[in-house]
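Just so we're on the same page: letters track the sequence lines, and every chain starts at 1. Values reported hereafter were calculated over all heavy atoms of this structure, with side chains retained and with hydrogens, waters and symmetry mates removed.
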Protein chains: 2
Amino acid sequence: MKTRKDTKTGILDAAEVLFASRGPNATSLRQIIGKAKVNLAAIHYHFGSKESLLEAVLARRLVPLNAERLALLEDYELTAGKGAVPLPKVLEALVGPALRLSRDPGKGGERFMRLLGRCVLEPDEKIQGLINTQFHYVLERFRPALLKALPNLPPEEFFWRIHFLVGAMAHTMADSERLRDISGGLCNPDDTEGMVQRLVSFLNAGLKAKS
Amino acid sequence: MKTRKDTKTGILDAAEVLFASRGPNATSLRQIIGKAKVNLAAIHYHFGSKESLLEAVLARRLVPLNAERLALLEDYELTAGKGAVPLPKVLEALVGPALRLSRDPGKGGERFMRLLGRCVLEPDEKIQGLINTQFHYVLERFRPALLKALPNLPPEEFFWRIHFLVGAMAHTMADSERLRDISGGLCNPDDTEGMVQRLVSFLNAGLKAKS
DNA sequence: AAACGTTTCAAACAAACGTTTGATTATGAA
DNA sequence: TTCATAATCAAACGTTTGTTTGAAACGTTT
């Protein structure tokens, strides 16, 4: 029983790193066992299949992450009383915890944030399914707050802007490292708080745009 | 000599469709030849390799597309004289031609737009290389116009916002079909002009946000 | 028609993939 | 110790992947 958790979380950790950097479909089980230094059959023994492994990798961080998002939102709503929570606060609750993951190397760090962004943008239907279930649940909870903070915004326009928001957020999570190249080293993706603040103010202005 | 172009463009067309819907790496050559109804060896005879095939698929549409973007921008700059081109116009020149591709089914249509968005977000380094070369070239040309339209915006902030812009644009190009589901059928991704207009006004407001 | 280069085709290639097997070793309870 | 369960391991499974081969069919030119 002593080595079970070691092997299991060892696989999860290695899979998280590799899934995040090359994408789940481009990562082979043999690369994972090479990094985790376990036997190939251990993956199927502990997780059943590659798909279930990805599911486990996602669930390990995503469930607490979404709980944190909802808790933050409820906190802001309590403070706001019967009034609307200001849009920047709502956005902060939505994108902040996700982006801030990279600040906490112990809890998955940058690796998982990249993986999450990558999965959101992944064409593969199985991965889509895993993500959409979680995302719909969060969006359903955030939608009333967003609509409240954005009065006079037609529902159709609202969904379009959520779509743009998801794109900007996912791309930022998945591949901000690219920004270092594009900017010629001027931008530093490691400055997470700066990143959150910049993204929130960008989204805040975009969502409030006059249509 | 008569059938050469038929086979060659037949492969390009089939590859474009399949690459766009499942992603290049998730598409096998055998799926392509099945759709194009040609022999497997024809791909290597005409293109040399799978990677070169993707390169050819991209180049066929991307070169004229980027030319159109630059032509539009120069047109606006001519009209503006020595003054700055208004930001919405600059954005229109940047994202309009790409999104509008879906209006022209003869010239590749929605299929290529999806592929392009997908390639921008693709982790694979070889694909990144193909995209970055083209994108850098365009961005270098658009940067002065964007900076001119956005005075008082610090260079660091500028690059961050370009990054958000790319994310929103690529996600919109790659997978607006998803919006139909999320919105419960309320939003119609086939309304390309509406899509362009909404994205431009969203990006316009986001780029102008007070930092 | 004969000879030419170009294009198609069925068949096979080695490599890599996710998954399964059956034997072997470690662990905790009786 | 003895036994049963849990975990690890090397080896092989059948597919699928991108790529290569050599011969057949085609179109053009002489």
Side-chain angles (χ1 to χ4, degrees), chain A residues 1-58 115 118-119 122-130, chain B residues 1-58 115 118-119 122-130:
Chain A
M1 286 289 207
K2 194 182 61 180
T3 54
R4 171 162 52 173
K5 282 204 169 181
D6 294 336
T7 309
K8 210 167 176 179
T9 67
I11 293 172
L12 284 173
D13 290 340
E16 190 172 65
V17 175
L18 293 171
F19 282 165
S21 62
R22 319 179 201 203
N25 282 331
T27 303
S28 74
L29 296 184
R30 284 169 178 83
Q31 291 172 327
I32 295 173
I33 64 144
K35 191 174 189 66
K37 283 164 188 165
V38 300
N39 188 271
L40 178 55
I43 292 184
H44 291 89
Y45 177 77
H46 286 286
F47 298 97
S49 71
K50 185 184 182 182
E51 192 189 347
S52 301
L53 171 61
L54 174 60
E55 208 172 337
V57 170
L58 287 176
L115 172 59
R118 199 136 281 173
C119 286
E122 180 72 41
D124 187 287
E125 291 187 0
K126 290 178 182 174
I127 298 177
Q128 279 293 325
L130 298 181
Chain B
M1 287 284 205
K2 190 182 61 178
T3 55
R4 170 160 52 175
K5 282 205 170 181
D6 294 336
T7 308
K8 209 168 178 179
T9 68
I11 292 172
L12 284 174
D13 290 340
E16 189 172 66
V17 175
L18 293 171
F19 282 165
S21 61
R22 320 180 200 202
N25 283 331
T27 302
S28 74
L29 296 184
R30 284 168 178 83
Q31 292 172 326
I32 296 173
I33 64 145
K35 192 173 187 65
K37 283 165 189 167
V38 299
N39 189 272
L40 178 57
I43 291 183
H44 291 88
Y45 176 76
H46 286 287
F47 299 97
S49 70
K50 186 185 181 181
E51 191 190 346
S52 301
L53 171 60
L54 174 61
E55 206 173 338
V57 170
L58 287 176
L115 172 60
R118 198 136 281 173
C119 287
E122 180 72 40
D124 188 286
E125 290 187 2
K126 290 178 182 174
I127 299 178
Q128 280 292 326
L130 297 180

Rounded to the nearest angstrom, tell me the gap between atom CG in A:Asp124 and atom P in C:dG18.
-> 13 Å
Which nucleotide in C:dA12, C:dT6, C:dT19 has an atom nearest any side-chain atom of A:Lys50 | C:dT19
Here the distance between atom P of C:dT19 and atom CZ of A:Phe47, to the nearest Å, is 13 Å
Can you check the A:Gln31 CD to C:dC17 C1' distance for me, whole Å?
-> 11 Å
Rounded interatomic separation in angstrom, taking CG from A:Asn25 and C1' from C:dG18 | 12 Å
How would you label the contact of A:Ser52 with the nucleic acid (heavy atoms, under 4.0 Å): base, sugar-phosphate, or nothing?
-> nothing
Going by heavy atoms in the side chains, are A:Cys119 and A:Leu58 under 4.5 Å from each other?
-> yes
Is the phosphate of C:dA10, meaning OP1 or OP2, less than 4.0 Å from a side-chain N or O of B:Asn39?
-> yes
Which is true for B:Ala41 with a 4.0 Å heavy-atom rule: it touches a base, it touches only sugar-phosphate, or it touches nothing?
-> base
Here the distance between atom C1' of D:dA11 and atom NE2 of A:His44, to the nearest Å, is 15 Å
Phosphate oxygens OP1/OP2 of C:dT8: is one of them under 4.0 Å from a side-chain N or O of B:Thr7?
-> yes
Walk me through it: do B:Val17 and B:Leu115 pass the test side-chain contact (heavy atoms from CB on, under 4.5 Å)?
-> CA-CA 8 Å; B:Val17 175; B:Leu115 172 60; over 6 Å; no
If we only count heavy atoms from C-beta on, is the A:Lys50 to A:Ile43 side-chain gap below 4.5 Å?
-> no
Is the shortest side-chain N/O distance from A:Ser28 to OP1 or OP2 of C:dC17 below 4.0 Å?
-> yes
Between C:dT19 atom P and A:Ile11 atom CD1, what is the distance in whole Å?
-> 13 Å
Is there a Watson-Crick or G-U wobble partner for C:dG5 with both distances under 3.5 Å, and which nucleotide is it?
-> D:dC26
Interatomic distance where NZ belongs to B:Lys37 and C1' belongs to C:dT8 [whole Å] = 17 Å
Whole angstrom is fine here: how far is it from CD1 in A:Ile43 over to P in D:dT8?
-> 12 Å
In terms of heavy-atom contacts, A:Pro24 and A:Phe19 come closest through CA-CD2, 3.4 Å
Here the pair of heavy atoms bringing B:His44 nearest to B:Ser49 is CD2-CA, 4.0 Å
With a non-hydrogen cut-off below 4.0 angstrom, is B:Leu40 in contact with a base, only sugar-phosphate, or nothing?
-> base
Within the pair B:His46 and C:dT6, is there a side-chain N or O less than 4.0 Å away from OP1 or OP2?
-> no
Closest to the A:Arg30 side chain: C:dT19, D:dT8, D:dT19?
-> C:dT19
